[in-house]
Each structure stands twice: as structure tokens, then as C-alpha cells.
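I have a structure I would like to understand better, so I am pasting it below and will then ask my questions one at a time.
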Amino acid sequence: TKREGFSAIPNVKWDDVGALDSVRNSMEFFISRRIKHPQEYEQLGMDTDRGFLLYGPPGCGKTLVAKAIANDAQANFIYIKGPELLNKYVGESEHAVRSLFARARSCAPCIIFFDEMDALAPRRGTDGNAVAERVLNQLLSEMDGVDKQKGVFLIGATNRPDTVDPAVLRPGRLGKLLYISLPDSEGRHSILKALTKRKPISTDVDLASIAANKLCEGFSGADLAALVTEASMAALQEKCAASASEAEPEKSGPLLIHNHHFHFALH
Ligand code: ATP
């Protein structure tokens, strides 16, 4: 669930995440390993690199990866939706930014996740929105304080990195950019495996060939999740229909998702 501003350790595990292995490696190196072995990073004087910007097309796992890294590091996770921080507390946005960072410090190790970073920190200049500019300045000054606060990490997410104010992306702020791409066929296979691992999947299901199917080209992780939901629904409907009609008793076996349910969902 995405309850705004609430901090807890998320229950997303790495095996819930498909593809994205290199993103996982970087995040483990810069966040969870660092929380577990801070002395090594201190010896090497690696004080910055506490902030990341995950960017790429929608629905490919930015939020999921951020939660998985928090779980891996056993860190608290605060979910902030960019536009809400700006709009919900009209006139109080700067205060909201300050108290957000104070709360993160008090529950360290903690990851603050800013979804829709482009809305929270839009490129300054053209429209001259004074409120947005004050909030951005407050945000930048809090971000600069973060490397003195052991155990607070920042992850921003956006589909439009070019519209984020460049000041946010300096080293020491959200200085590391990680691209979360649309999956290729192999990535789709890995995501389908993650999405179905706790479901009753028949042995006739060939996830690799579903992933390689032309109709799946361009699918995001979110599209694949919708496909799995539709296949599950098809399996359930078929079972309901079979148990209603005695003519097809052979179909009233255990509830299983078969290969043809995926193909039905794809067409
Ligand atoms: P947005 O930019 O729209 O916020 P996002 O990149 O943050 O998207 P998520 O919210 O992480 O995307 O993904 C949406 C859903 O799609 C997830 O809850 C999950 O069901 C599925 N999904 C996306 N990517 C993956 C992945 N790599 N592995 C497993 N499931 C995924």
C-alpha cells in the first residue's frame, strides 16, 4: 500500500522483483551494504552517495525496487508523492519538508522515497512559481544535511528526468542516476516468474514463450502484472463454468492457471 508519509519496513523482497539485476547490485552496494558495514565506507571516506534518482518509463518497478532495498537493508521507508507534498499543505509545504527529514532522522536507518520527483522539484525558471521555488530550496538544504546524518537515504523516481531541476541531481543530493528500463524478452520472463511464484501455475505454462510472444513486446512490469491477473481470472471463470455444467467434469479439477489462460488473456 502507498500510505503517504507513513514509515515502516516494507514487505517487498528481492524475489518479488524481476529483471533489474544491475540496479539491484548498485542499490545493495550503496545502501544496504553500507547500512550493514558503515565502518568500511567511513574508512574510504565515502560520505556522499546517499541519494539516487530512478528514472524510466512508468510501471517498470521503480517503487518496487525502492521498497525491496529498504526491506533488504531493514530500513524504514517513507513514501512521499511529489505533488501531494506541494499541494496538500498549502502554505505549509516548507514546514512539511522540514518535519519529513526530522522524522526520517528519528527512525534511521530510513529511506525517503519521492515519487514523481519532477512534480516536487520542477526545473526552475519559466513559470516562476514562488511556492514551488521555496519548497525546492528547503528540499535542497535538507538534502545537503543528509550526508551528515548517518542512516538517511533518498530515492527519487521520475518518468521525466529532463524536467527535474538540475540542482537536485548534484553529487551529495540525488547524485546517482539509475535507469529502470522497459524489460526485454528475458526481463519479461524474469518478471513473470516473480509475479507467479505464489500462484497455482500448471506445469504446462511456458513463461519463457509467453515472454517472447510478439504481443508482449513493449509490455512494462505493470502490464505483465495485469496479464497475470487476467489469466488468473480466466482460470477461475473456466472452473466456475465447468462446475456449473456437468457435461465437462474433466475440467473441474484443482484450480490451476494453464498456458491457454495466458494466451486467452493476451488475445
Ligand atoms: P510509476 O512510474 O508508474 O510509479 P513504477 O516504475 O514505480 O511506476 P511500480 O509501481 O514499481 O512501477 O510497478 C507497478 C507494478 O508493476 C508493481 O506493483 C508490480 O506488480 C509490477 N512490476 C513492475 N515492474 C516489476 C518488476 N521489475 N518485477 C516485478 N513486478 C513488477
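Ligands are counted one by one from 1 in listed order, and the atoms in each one are counted from 1 as well.
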>> With a 4.0 Å cut-off on heavy atoms, is A157 in contact with ligand 1?
In response: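 The answer is no: ligand 1 sits nowhere under 4.0 Å from a heavy atom of A157.
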
> N/O to N/O below 3.5 Å, does that happen between L64 and ligand 1?
Replying inline: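 Checking ligand 1 against L64, an N or O pair does fall under 3.5 Å apart.
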
>> For a side chain to side chain contact (heavy atoms under 4.5 Å, CB included) check, start with the C-alpha distance between E217 and K214, then their side-chain angles and the critical distance, and finish with the verdict.
In response: CA-CA 5 Å; E217 257 167 44; K214 270 248 170 291; 3.3 Å; yes

> Taking all atoms of both residues into account, what is the closest heavy-atom pair of S220 and P58, and its distance?
Replying inline: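 Residues S220 and P58, closest heavy atoms: CB-O, 3.7 Å.
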
> Side chain, backbone, both or neither: which part of A19 comes within less than 4.0 Å of ligand 1 when only heavy atoms are counted?
Replying inline: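 Neither; no heavy atom under 4.0 Å.
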
> Any idea which part of L54 is under 4.0 Å from ligand 1, heavy-atom wise: side chain, backbone, both or neither?
Replying inline: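 It is neither; nothing of L54 touches ligand 1.
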
> Is it true that D162 and R160 have a side-chain N and a carboxylate O under 4.0 angstrom from each other?
Replying inline: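 Yes, charged N to carboxylate O under 4.0 Å.
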
> Can you say whether the rings of H261 and H258 are parallel (under 30°), tilted (30 to 60°) or perpendicular (over 60°)?
Replying inline: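 Judged by the thresholds at 30° and 60°, the geometry between H261 and H258 is tilted.
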
> Out of curiosity, is D16 lining ligand 1, as in a heavy atom under 4.0 Å away?
Replying inline: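 Yes, D16 has heavy atoms under 4.0 Å from ligand 1.
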
>> At under 4.0 Å between heavy atoms, is it the side chain or the backbone of N159 that contacts ligand 1, or both, or neither?
In response: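 It is the side chain that gets close, since no backbone atom is under 4.0 Å.
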
>> I need the atoms of ligand 1 closer than 4.0 Å to a non-hydrogen atom of L20, numbered in the order shown.
In response: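 Contacts of ligand 1 toward L20, numbered from 1: 27 (N).
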
>> Judged on heavy-atom distance to atom 16 (O) of ligand 1, which of A194, G61, A222 sits nearest?
In response: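 Result: the heavy atom closest to atom 16 (O) of ligand 1 is in A222.
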
> Are L154 and F113 close enough, and set up right, to give a side chain to side chain contact (heavy atoms under 4.5 Å, CB included), and what steps lead you there?
Replying inline: CA-CA 6 Å; L154 309 174; F113 181 73; over 6 Å; no

> Taking the six-membered ring where the residue is Trp, are the ring centres of Y41 and F30 under 6.0 Å apart?
Replying inline: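 No, too far apart.
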
>> Given K67, K62, R188, R24, identify the one with the heavy atom nearest to atom 5 (P) of ligand 1.
In response: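 Of the listed residues, K62 has the closest heavy atom.
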
>> D118 vs Y55, test: side chain to side chain contact (heavy atoms under 4.5 Å, CB included). Steps then yes/no.
In response: CA-CA 10 Å; D118 45 293; Y55 69 102; over 6 Å; no

>> If the cut-off is 4.0 Å to any non-hydrogen atom of I191, which atoms of ligand 1 fall inside it?
In response: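 Those atoms are 26 (C), 27 (N), 28 (N), 29 (C), 30 (N).
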
>> With a 4.0 Å cut-off on N to O distance, would you call E94 and R134 a salt bridge?
In response: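 Salt bridge flag = yes for R134 with E94.
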
> If you measure every N/O of P57 against every N/O of ligand 1, is any gap under 3.5 Å?
Replying inline: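 By distance alone, the answer is no.
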
> Among G59, G18, A66, which one has a heavy atom closest to atom 23 (C) of ligand 1?
Replying inline: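 When every heavy atom of G59, G18, A66 is considered, G59 comes closest to atom 23 (C) of ligand 1.
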
> In terms of atom number and element, which parts of ligand 1 are under 4.0 angstrom from non-hydrogen atoms of A225?
Replying inline: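 Atoms satisfying the 4.0 Å criterion: 20 (O).
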
>> Give the atom numbers and elements of ligand 1 that come within less than 4.0 Å of a heavy atom of V17.
In response: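 In order of number, 28 (N).
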
Less than 3.5 Å apart, which donor and acceptor atoms pair up between the side chains of residues 167-182 and the rest of the protein, not counting sequence neighbours?
from : atom 1 : to   : atom 2 : distance (Å)
R173 : NE     : D144 : OD1    : 2.8
R173 : NH1    : A167 : O      : 2.8
R173 : NH2    : D144 : OD2    : 2.9

>> Side chain or backbone, does C60 bring an N or O within less than 3.5 Å of an N or O on ligand 1?
In response: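 Yes; at least one N/O pair falls below 3.5 Å.
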
>> Applying side chain to side chain contact (heavy atoms under 4.5 Å, CB included), can you list everything that pairs with A132, at least two apart in sequence or on another chain?
In response: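 Listed in chain order: N129.
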
